[in-house]
Amino acid sequence: MKHQSDQPADKATFNRLLAAYVAQIYPERDTLSLCRDISDAFWPEGTHRRKRKRKPGNSMWSQHDALLITYGNSIKDGAHKPLDLLNDFLCRYLEGTINGVHILPFFPFTSDDGFAVTDFRAVNPQLGDWADINRIADRFKLMSDLVLNHVSSQGAWFNAYRQRQAPYDRFFFEAEPSNDLSMVVRPRTTPLLQEIETSDGPRHVWCTFSHDQIDLDFRNPEVLLEFLRIIRLHMDNGVQIIRLDAVAFVWKEIGSPSIHLPQTHAIVKLIRLLCDYAVEPVILLTETNVPKAENLSYFGKRDEAHVIYNFPLPPLILHAMMTGTAAHLENWQRSMPPAPLGCAYLNFTASHDGIGMRPAEGLLSEMDQAAVINVVKRIGGLVSMRALPDGGEAPYELNTTFFDAMSQTVAGPDTYHIDRFICSQTIVMSLEGIPAFYIHSMLATPNDHAGVKKRGMNRAINRHRWDYGDLRAKLAQPDTPQAQVLDGLRGRLRIRQEQLAFHPNATQFTIHMDDHRIFAIWRQSLDRQQSIFALHNVSAEEVEIPALRLNLIGDEDWVDLLSNEAITGETVTLAPYQCRWISNGDY
């Protein structure tokens, strides 16, 4: 009886929440009619929603979860479909250590390495087809990109807009050069508006990122409905994690910053509501490369993103490893709240984009940032700028592979390149949250200067395409950086996935060290049975710390999981860039 009586109440809750979000986003529309259209778009004929909302909890992920971030063609050989090669690489080298994969936009596109999409319903034939995507999704948790802010200027939607064909004639955001756009926040220095010709005269369209990426107008609910149908298509093809790319910019208002507007958050809440009622387990991830408070806002009240990127992590780890002090990393981590119940952080150091500097605002001084930028330039990296409202510019991101970034410190080159890099990735594994690794981090890929020259974009430096034969040959030789890094990271991931204290939501406490060469955190499993003291020496010096500093319980045996060394005596020693996972047991 309880089960039956709960059903109408839960249905009423769904209808009430959906209506509230619709009314906030589209106050001038018929709310009930639009709610029906939304349900029909997300649950077409032959599908249905859950009777009850999926409750927030810690069961959607575990310590076994770790993601690989990759393009569909990061590996090629000129003979096989790149998605087939990616599947082979995943199964041959990563199965058992990585259980999820984020394939960056795998759709037909015209620029920005996939983020100027021409058709969200097709797989880029140069990569493969939906069957290849399905094969990967059968063995790994698959993340796909919902590039919902913009589409290609050469796609069918925009071509129909230029011909003034309904409904696409109202799909794109228009403005006038005379409008006050001085407050608009964006990560590029190119002109915001682009004049284009249509069948009934010239129009000015909004381009947050580039003139090949035309911003959509979510004031038209048909745009939202179309993306809900696309989400359903992805779910039907095995996608379990939906990444909302550049979601912070989707709602625009003339005379406003046009970032993080209330309607944007309401759209995320609406999509989260649908995911919570989906029969299929769907995780919603927001991509908002912005300062801390703005980024955290996308958790909402446990009603927006399930997962958010830990965007301050890359520049802070970069600074710690380059300077030999974890002071800023520690201060930031001590101020970070635990993820709310049913939510998690995604931890990473590198992605297909550069190392974002906006998240470092307020965390690293201009002097600290300058020190890092100088090293990046010294090792051949690049710096991309963003436009400021006053007409000036500021560093937006650093363009380099993270592996090459670890080749030097502020003191110059040394012999600790690989040790320093593996230490940086071990920090990612240790922190509260789900670890994610860019394929070029797993493969110790150097900066691709030829790619920058050939493609004319800074980000190409970190988007190398490996020849699979060459890559396999390097991985077969134990002394290559590729083999050393991949073997080192796989070994630590295998250890990590067996530790309950590394559950993404396990308790975390930042241990203050007087010697900032050590970044130390304490993790405790949800059942309080296992503790791990994760220690990371970010310096090129041997460091000794008092064992009492760790509060090791006296009547338990403590062991370093990474070295199998029993921890006894009054001090704990860490060699340059050594990491220790000191645990009271292997769980």
Side-chain angles (χ1 to χ4, degrees), residues 42-44 46-48 50 54 59-62 64-76 80-109 114-115 117 119-148 227-245 271 274-276 278-287 305-307 344 346 348 351-352 434-439 442 468 493 497 504:
F42 196 78
W43 288 288
T47 62
H48 64 279
R50 291 168 55 95
R54 188 174 282 106
S59 60
M60 295 186 76
W61 40 73
S62 75
H64 293 278
D65 287 305
L67 291 171
L68 180 77
I69 305 167
T70 182
Y71 280 102
N73 62 352
S74 291
I75 299 172
K76 59 183 181 60
H80 299 87
K81 292 184 291 185
L83 286 175
D84 267 350
L85 297 179
L86 175 60
N87 186 49
D88 183 82
F89 172 77
L90 289 167
C91 296
R92 185 185 300 269
Y93 294 103
L94 293 180
E95 196 160 33
T97 57
I98 292 285
N99 70 340
V101 57
H102 171 200
I103 306 179
L104 290 150
F106 47 77
F107 321 105
F109 71 99
F115 286 91
V117 178
D119 185 355
F120 288 98
R121 297 182 176 278
V123 174
N124 183 350
Q126 295 181 358
L127 301 178
D129 51 35
W130 280 114
D132 301 308
I133 294 293
N134 299 155
R135 275 191 288 275
I136 294 174
D138 285 343
R139 301 182 73 163
F140 299 88
K141 292 182 179 179
L142 179 62
M143 182 195 302
S144 71
D145 275 289
L146 196 68
V147 188
L148 74 172
F227 274 106
L228 295 181
R229 297 182 190 105
I230 291 165
I231 292 176
R232 168 52 57 185
L233 173 67
H234 289 199
M235 291 165 56
D236 290 345
N237 279 281
V239 171
Q240 295 185 47
I241 308 172
I242 302 289
R243 177 182 184 267
L244 301 183
D245 177 68
I271 298 174
L274 300 178
C275 291
D276 283 346
V279 173
E280 307 86 348
V282 182
I283 294 172
L284 204 61
L285 169 68
T286 51
E287 187 266 334
H306 293 95
V307 181
L346 189 74
F348 71 113
S351 71
H352 62 292
I434 302 166
F437 305 90
Y438 189 35
I439 190 169
M442 297 292 290
Y468 199 27
L493 283 168
Q497 66 185 4

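Everything quoted here is computed from the prediction, not taken from an experiment. Just so it is clear, the values below take in all heavy atoms, side chains as well, and ignore hydrogens, waters and symmetry mates.
Using a 4.0 Å cut-off between charged side-chain N and carboxylate O, R54 and E280 make no salt bridge. Between D132 and R135 a salt bridge is recorded (basic side-chain N to carboxylate O distance below 4.0 Å). Between R121 and D119 no salt bridge is recorded (no basic side-chain N to carboxylate O distance below 4.0 Å).
Among residues two or more places apart in sequence or in another chain, the salt bridge (Lys or Arg N to Asp or Glu O under 4.0 Å) test is passed with D88 by R92. With sequence neighbours excluded, the residues that form a ring-ring contact (aromatic ring centres under 6.0 Å, His included) with F115 are H352. Applying the side-chain hydrogen bond (donor to acceptor under 3.5 Å, both in side chains) test to R229 and every residue at least two apart in sequence or in another chain returns E226. D65 is linked by a salt bridge (Lys or Arg N to Asp or Glu O under 4.0 Å) to K141, counting only residues two or more places apart in sequence or in another chain. Partners of K76 by salt bridge (Lys or Arg N to Asp or Glu O under 4.0 Å), not counting sequence neighbours: none found. The side-chain hydrogen bond (donor to acceptor under 3.5 Å, both in side chains) check on N124 picks up nothing, with sequence neighbours excluded. Scored by the side-chain hydrogen bond (donor to acceptor under 3.5 Å, both in side chains) test, N134 finds N237 as partners (sequence neighbours excluded). Checked against ring-ring contact (aromatic ring centres under 6.0 Å, His included), F140 has no partners two or more places apart in sequence or in another chain. Partners of S74 under the side-chain hydrogen bond (donor to acceptor under 3.5 Å, both in side chains) rule, at least two apart in sequence or in another chain, are T70. For R50, there are no salt bridge (Lys or Arg N to Asp or Glu O under 4.0 Å) partners two or more places apart in sequence or in a different chain. With sequence neighbours excluded, no residue forms a ring-ring contact (aromatic ring centres under 6.0 Å, His included) with F109.
Residues I136 and L90 form a side-chain contact, since some pair of their non-hydrogen atoms from C-beta on lies under 4.5 Å apart. Contact of the I69 side chain with the F437 side chain is not registered, since no non-hydrogen atoms from C-beta on lie closer than 4.5 Å. Side-chain contact between L85 and N73: absent, with no pair of heavy atoms (C-beta onward) separated by less than 4.5 Å. Annotation: side chain of R232 is in contact with side chain of T47 (closest heavy-atom distance under 4.5 Å). Taking 4.5 Å as the limit, every side-chain heavy atom of L127 sits out of range of all side-chain heavy atoms of K81. In this structure, I133 and L142 have side chains that are in contact, with non-hydrogen atoms separated by less than 4.5 Å. Within the 4.5 Å cutoff, side-chain heavy atoms of L83 are placed close to those of I103. Side-chain atoms of L86 and Y468, non-hydrogen and from C-beta on, never get closer than 4.5 Å to each other.
Looking at H306, its side chain does come within 3.5 Å of a backbone N or O of L284 through a donor-acceptor pair. Within the 3.5 Å criterion, the main-chain N or O of V147 finds no donor-acceptor partner in the side chain of R243.
Taking both residues in full, the closest heavy atoms of G72 and P82 are given as O-CB, 3.3 Å, listed atom of the first, atom of the second, then distance. Residues A137 and G238 share a closest heavy-atom pair of CB-O, 3.8 Å. For the residue pair A122 and P108, the shortest heavy atom distance occurs at O-CD, 3.2 Å. Residues L148 and D245 come closest through the heavy atom pair CD2-O, 3.4 Å.
Annotation: the span from L274 atom CG to L228 atom CG amounts to 6.0 Å, rounded to 0.5 Å.
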Original post:
So V307 and I241, side chain to side chain contact (heavy atoms under 4.5 Å, CB included) or not? Walk me through it.
Top reply: CA-CA 10 Å; V307 181; I241 308 172; over 6 Å; no
**OP:** Show your working on side chain to side chain contact (heavy atoms under 4.5 Å, CB included) between F227 and I271 and close with a plain yes or no.
**Re:** CA-CA 10 Å; F227 274 106; I271 298 174; over 6 Å; no
**OP:** Check the pair L67, V101 against side chain to side chain contact (heavy atoms under 4.5 Å, CB included), reporting the backbone distance first and the verdict last.
**Re:** CA-CA 5 Å; L67 291 171; V101 57; 6.0 Å; no
**OP:** Go through the steps to decide whether V239 and M143 satisfy the test side chain to side chain contact (heavy atoms under 4.5 Å, CB included), and finish with yes or no.
**Re:** CA-CA 6 Å; V239 171; M143 182 195 302; 5.9 Å; no
**OP:** Dump the intermediate steps for ring-ring contact (aromatic ring centres under 6.0 Å, His included) on F107 and H234, then the final yes or no.
**Re:** CA-CA 12 Å; F107 321 105; H234 289 199; 5.4 Å; yes
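Residue pairs meeting the salt bridge (Lys or Arg N to Asp or Glu O under 4.0 Å) criterion with at least one member in residues 97-109: none, sequence neighbours excluded.
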